[in-house]
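Model, not experiment: these values are computed from the prediction.
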Amino acid sequence: MNQAGVNEKYKVSPFYVFFLVHSMQTGLGVLSFQRELAKAMGTDGWLSILLAGLIVHILIWLIYKIFSIVPGDIISTNDHAFGKWIGKFFSLLFILYFFVLGMTIIIGYINVIHVWMFEEVPSWAFALVFLILIYYITTGGFRTITGIAFLTVIVSYWLLFVPFYGFKYSDFTGFLPIFHHNLVEIMKGTKSFSLSMLGFEMILMYYPFIKNAETSQKYAHGGVVLTTLLSLLLYFVSIVFYSQKQLTLTLWPTLTLTSIIELPFIQRFEYITVSWWTIVIIPNMVIPLWAASRGVKRLFNVQQKYPLWGMSIIILLVNIFFYDIDSLYILNKIINPYSVCFIVIYLPLLFVFISIKKSRNRL
């Protein structure tokens, strides 16, 4: 058993890290990232996507370097780097981040369902259904979560025919001009794309659950490459399908694109897309809440089901008493700039601290 106390029988093969990373990045952000990115970067948004992908690759490399020095998870690594009390403080920040990310995804998807399909159904009803499903999957263990992530990726890629269908009605001159933003503007544009690239950091919690975890790095990078390629495709289709002004005013460009499809047996194809997206987004809901409850278990030595109950009750109460567009806006504002800055700054600093401590121990 490793430092995080994971028995070999609960671990998954390194290959599945590809699906764990990619399924976390392909969720709520895929439906709407084009709008904010077009506002910030116009036709050069693809440069921000490439830069964001590069930054994520560097951060994944850092995560694996950190765990090559201190095997375990982020809880044990924080304790090793900063000591018991300061380490606990940083671990609590990560737990809070995982929880807020999971809650943002649940509330955001409920908002999509409200707008596109069931406006009259109360949000707490959807939240209750999702939370029961999340609890059922989470209590099945990490191997069950991995299986769900694998299946959602496999059964959902048929939806790729939708953007290709959009080419039929596209004006390819809409992709011009290009290279009319400087490097600073491109870097700022990555902030608009951050929600679509978040999710790779869950490795910080499930690393001990991977067999021969050090060999899984190439699969983590592979998951990010696939996410980057998918995002580039969706952005390119959106740029040539919508006019510049239309794209900046369209709240969910990916979903709106599906509304042009009409089949003999179904007129409102976007209903299928929204419904099927429930399958796509399940890992986005499950993995962050699993990571948060796992972190509480590791930090306070309690059964994982108890913090999961508490988090589920909080999410349900938020949907009953505080659910509105403003609350979703606030959650997105917390997740997008602050969490990204925290991760981008914290991981390099953690690596430096651990490297210095390792060098001192050698002396």
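- No donor-acceptor distance shorter than 3.5 angstrom exists from the side chain of Thr248 to the backbone of Arg35, with no hydrogens or angles considered.
- Counting only heavy atoms from C-beta outward, the side chains of Val115 and Leu251 never approach each other to under 4.5 Å.
- Annotation: side-chain hydrogen bond (donor to acceptor under 3.5 Å, both in side chains) contacts of Asp79 (sequence neighbours excluded): none.
- Rounding to the nearest 0.5 Å places CG of Asn78 at 9.0 Å from CG of Asp73.
- Residues Leu350 and Ile345 do not share a hydrophobic cluster, defined by chaining ILVMFWY side chains whose heavy atoms lie under 4.5 Å apart.
- Ring pair His221/Tyr64: centre-to-centre distance not below 6.0 Å.
- Hydrophobic clustering of Ile, Leu, Val, Met, Phe, Trp and Tyr side chains at less than 4.5 Å, counting indirect connections, keeps Leu349 apart from Ile75.
- Contact check for Phe99 versus Ile314: side-chain heavy atoms found under the 4.5 Å cut-off.
- At least one donor-acceptor pair under 3.5 Å links the side chain of His114 to the backbone N or O of Val121.
- Although no hydrogens or angles enter the test, the distance criterion places a donor-acceptor pair under 3.5 Å between the side chain of Gln304 and the main chain of Trp290.
- Residues Ile113 and Phe126 share a closest heavy-atom pair of CG2-CZ, 3.5 Å.
- Residues Val296 and Arg298 are not in side-chain contact: their nearest non-hydrogen atoms beyond the backbone lie 4.5 Å or more apart.
- Within the 3.5 Å criterion, the main-chain N or O of Ser231 finds no donor-acceptor partner in the side chain of Trp46.
- A 4.5 Å side-chain heavy-atom check between Leu101 and Met24 finds at least one atom pair inside the cut-off.
- Between the Asn111 side chain and the Ile107 main chain, no donor and acceptor come within less than 3.5 Å of each other.
- For Tyr346 and Phe94, the distance between ring centers is under 6.0 angstrom.
- Rounded to the nearest 0.5 Å, atoms OH (Tyr206) and CG (Leu20) are 4.5 Å apart.
- To the nearest 0.5 angstrom, Ile60 atom CD1 is 9.5 Å from Glu201 atom CD.
- Side-chain contact between Val153 and Thr26 is absent, with no heavy-atom pair separated by less than 4.5 Å.
- Within 6.0 Å of NZ in Lys218 there are 12 or fewer heavy atoms belonging to other residues, nucleotides or ligands.
- How far CD1 of Ile282 is from CZ of Phe130: 7.5 Å, rounded to the nearest 0.5 Å.
- Taking all atoms of both residues into account, the shortest heavy-atom contact from Pro307 to Val302 is CD-CG2, 4.0 Å.
- One hydrophobic cluster holds both Phe300 and Phe90 under the rule that ILVMFWY side chains link at heavy-atom gaps under 4.5 Å.
- Between Ile74 and Ser91, the shortest heavy-atom distance links the atoms O-OG, 4.2 Å.
- Leu28 contributes atom CG, which lies 8.5 Å from atom CE of Met285 (distance to the nearest 0.5 angstrom).
- Counted by atom type alone, Tyr207 and Ser216 present zero donor-acceptor pairs between their side chains at under 3.5 Å.
- Side chain of Gln34 to backbone of Tyr235: no donor-acceptor contact under 3.5 angstrom is found.
- Contact annotation: the side chain of Tyr16 approaches that of Ser13 to within less than 4.5 Å [non-hydrogen atoms, C-beta and beyond].
- The cluster map of Ile, Leu, Val, Met, Phe, Trp and Tyr, joined by side-chain heavy atoms under 4.5 Å apart, puts Leu249 and Phe241 in different clusters.
- Note that CZ of Phe236 and OG1 of Thr43 are 11.0 Å apart. Values are rounded to the nearest 0.5 Å.
- Contact check for Leu347 versus Phe351: no side-chain heavy atoms found under the 4.5 Å cut-off.
- The aromatic rings of Phe15 and Tyr219 sit perpendicular to each other, their planes meeting at more than 60°, with 30° as the lower class boundary.
- For residues 26-45, the pairs satisfying ring-ring contact (aromatic ring centres under 6.0 Å, His included) are Phe33-Phe193, with sequence neighbours left out.
- Heavy-atom minimum distance, Met197 versus Thr227: SD-CG2, 4.1 Å.
- No side-chain donor-acceptor contact under 3.5 Å links Gln217 to the backbone of Thr215.
- For Ile86, the CD1 atom sits in a loose shell: 12 or fewer heavy atoms of surrounding residues, nucleotides or ligands are nearer than 6.0 Å.
- No donor-acceptor pair closer than 3.5 Å links the side chain of Thr256 to the backbone N or O of Pro253.
- Clustering ILVMFWY residues whenever any of their side-chain heavy atoms sit less than 4.5 angstrom apart, transitively, puts Val280 in a cluster other than the one holding Val129.
- The backbone N or O of Leu131 sits nowhere less than 3.5 Å from a side-chain atom of Ser312 that would complete a donor-acceptor pair.
- Between Thr152 and Phe19, every side-chain heavy-atom pair lies at or beyond the 4.5 Å cut-off.
- Side-chain N or O atoms of Tyr109 include one that pairs as donor or acceptor with a backbone N or O of Thr278 at under 3.5 Å.
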Side-chain donor/acceptor pairs under 3.5 Å, residues 139-150, sequence neighbours excluded:
| from | atom 1 | to | atom 2 | distance (Å) |
| --- | --- | --- | --- | --- |
| Thr139 | OG1 | Tyr135 | O | 2.8 |
| Thr139 | OG1 | Tyr136 | O | 3.1 |
| Arg143 | NH1 | Lys11 | O | 2.5 |
| Thr144 | OG1 | Gly140 | O | 3.0 |
| Thr146 | OG1 | Phe142 | O | 2.9 |

